[in-house]
Amino acid sequence: MRFTRRTLTAALALATVAGFSHQAVAADKPKVALVMKSLANEFFRTMEDGAKAHQKANAAQYTLVANGIKDETDTAAQIKMVEQMVAQRVQAIVIAPADSKALVSVLKNAADKGVLIVNIDNKLDADALKSKDLNVPFVGPDNRAGAKLVGDFLGKQLQAGDKVGIVEGVSTTFNAQQRTLGFQDAMKAVGANVVSLQSGQWEIDKGNTVAAGMLREHPDLKAIMAGNDSMALGVVAAVKASGRTGKVQVVGYDNIAAIKPMLKDGRVLATADQYAAKQAVFGIEIALKALAEKKKQSELPAEVKTDVALVTKDSK
């Protein structure tokens, strides 16, 4: 078949209008953004590694853009990150929000532009979502139940009236609140007295500072429960510095690699495993399925529960 210059020009113009280009062909393979909290936290590095391994094994199915903020409380940076992902024309955003309320507006804007939103790790605030008429599926564990598992195990070492402290994560986050409630449920069941509840901002150093203050204020403290293992690392250091290793029990949440030797030698009594490497993968798979089925945001399930398990030195 012969093409005249006019015919060829017309064909190229049609291809451009139709988006028939290498970029459009590539766009047939959805681009998924994974937006996490602080990558200084081993939990989120493990999450990122799991997501990248999943994408590598499914490279023909989707592309992945993964990023996280430097500081657990840098909500503004995470908001900008979401805006950047929208500008990069991703088809879906899987997000572990740094703040349960503050991220809702920017996610609403993304959804209005056709980006599919899936929430992992820290649940977005139900009232904030409702105010924006936004349905976002939460894919993750029951944080309250997970923390209660840990607290119940600690409770076996305690007696009624014993004093305990809680080092909470960022207080505006749903998962921090739920873990605190789970710890409190367990302490109430055994009659232990929670004499101090303070935020360690999910971070080692801040967890250490808070725990050190608790130990000074309450010299008869029997245990400290940390809302994640990063803070638990700081708590362990504070207990050691106070000369009370073995006398003050420490528990955490997340089962990061750094906590495992401490479980083994008793510096940490227990933690909870919510399977960091799978957290993002669960969310990504929900997003990919919805994209394949051309589902709207409003048609996605409200919640998809994932597993959480107690981990002690005797766990296999």
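Owing to the predicted nature of the structure, the values given are computational and were not obtained by experimental measurement.
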**Prompt:** Has K37 got its NZ or CZ under 6.0 Å from the middle of the six-membered ring of F44, at an angle within 45 degrees of the ring axis?
**Reply:** no

**Cationic tip of K278 above Y275 ring, under 6.0 Å, 45° of axis** = yes

**Prompt:** Who passes salt bridge (charged side-chain N to carboxylate O under 4.0 Å, His left out) against K206, sequence neighbours left out?
**Reply:** E203

**Message:** As a quick check of understanding, evaluate side-chain contact (heavy atoms from CB on, under 4.5 Å) for L263 and V311, giving each step before the final call.
**Reply:** CA-CA 9 Å; L263 286 167; V311 180; 3.9 Å; yes

Does some side-chain heavy atom of [Y] sit less than 4.5 Å from a side-chain heavy atom of [X]?
X    : Y    : result
I95  : Q78  : yes
V94  : F282 : no
L233 : I259 : yes
S230 : E42  : no
L124 : P97  : yes
V118 : V136 : no
D162 : Q159 : yes
T46  : I256 : no

Less than 4.0 Å between a side-chain N and a carboxylate O, is that true for [Y] and [X]?
X    : Y    : value
D185 : K148 : no
K101 : D99  : no
E48  : K52  : yes

[X] (side chain) donor-acceptor with [Y] (main chain) under 3.5 angstrom:
X    : Y    : answer
R179 : G227 : yes
Q91  : R89  : yes
R45  : L39  : yes
Q249 : I224 : no
K163 : V195 : no
R144 : F183 : no
E299 : K296 : yes
Q279 : M47  : no
K123 : V139 : no

Closest contact, heavy atoms only, [X] versus [Y]:
X    : Y    : value
A280 : I120 : CA-CD1, 3.9 Å
Q61  : P30  : O-CD, 3.3 Å
A270 : F153 : CB-CD2, 3.8 Å
Q177 : T172 : NE2-C, 3.8 Å
A98  : L103 : N-CD2, 4.3 Å

**Request:** Say whether D254 and Q274, considering side chains only, have a donor N or O and an acceptor N or O under 3.5 Å apart.
**Result:** yes

**Pair N41-E72, side-chain donor/acceptor within less than 3.5 Å** = yes

**Request:** Let me see the working for D74 and K70 under salt bridge (Lys or Arg N to Asp or Glu O under 4.0 Å), right down to the final yes or no.
**Result:** CA-CA 7 Å; D74 197 353; K70 292 181 180 179; over 6 Å; no

Which distance, rounded to the nearest 0.5 Å, do you find between the [atom1] of [X] and the [atom2] of [Y]?
X    : Y    : atom1 : atom2 : result
Q184 : L181 : CD    : CG    : 5.5 Å
L107 : E83  : CG    : CD    : 10.5 Å
I284 : I286 : CD1   : CD1   : 11.5 Å
L158 : N193 : CG    : CG    : 11.5 Å
M214 : T209 : CE    : OG1   : 11.5 Å
D142 : L149 : CG    : CG    : 9.5 Å

[X] [atom1]: over 12 foreign heavy atoms closer than 6.0 Å:
X    : atom1 : answer
D133 : CG    : no
D205 : CG    : no
K313 : NZ    : no

**Asked** Should T180 and E168 be marked as a side-chain hydrogen bond (donor to acceptor under 3.5 Å, both in side chains) after you check the CA-CA gap, both sets of side-chain angles, and the distance that decides it?
**Response** CA-CA 7 Å; T180 293; E168 186 176 57; 2.7 Å; yes

Can you get from [X] to [Y] by hopping between Ile, Leu, Val, Met, Phe, Trp and Tyr side chains that sit under 4.5 Å apart?
X    : Y    : result
V194 : V251 : yes
L134 : V86  : yes
V104 : F174 : no
V170 : M36  : yes
M81  : I93  : yes

**Request:** Provide the full list of ring pair (Phe, Tyr, Trp, His ring centres under 6.0 Å) pairs with a residue in residues 226-270, sequence neighbours left out, each pair given once.
**Result:** none

**T271 and its side-chain hydrogen bond (donor to acceptor under 3.5 Å, both in side chains) partner, picked from D229, N228, N255** = D229

**Request:** Determine the sole option in N119, T173, D125, N122 for which the side-chain hydrogen bond (donor to acceptor under 3.5 Å, both in side chains) test with S100 is passed.
**Result:** N122

**Request:** Kindly determine whether S196 and Q198 satisfy side-chain contact (heavy atoms from CB on, under 4.5 Å), including the steps that lead there.
**Result:** CA-CA 6 Å; S196 184; Q198 298 178 55; 3.0 Å; yes

**Prompt:** Which is it for Q297 and N135 under the side-chain hydrogen bond (donor to acceptor under 3.5 Å, both in side chains) test, yes or no, and what are the steps along the way?
**Reply:** CA-CA 6 Å; Q297 188 75 42; N135 170 60; over 6 Å; no

**Request:** Give the C-alpha distance, both sets of side-chain angles, the deciding distance and a yes or no for salt bridge (Lys or Arg N to Asp or Glu O under 4.0 Å) between D265 and R267.
**Result:** CA-CA 6 Å; D265 65 20; R267 284 176 289 169; 2.9 Å; yes

**Worked check of ring-ring contact (aromatic ring centres under 6.0 Å, His included) between Y62 and H54** = CA-CA 10 Å; Y62 74 104; H54 182 268; 5.7 Å; yes

**Prompt:** Looking at I166, V235, L197, which hits side-chain contact (heavy atoms from CB on, under 4.5 Å) with M225?
**Reply:** I166

**Asked** Got a sec, which hydrophobics cluster with F138, joining ILVMFWY side chains under 4.5 Å apart, including via others?
**Response** none

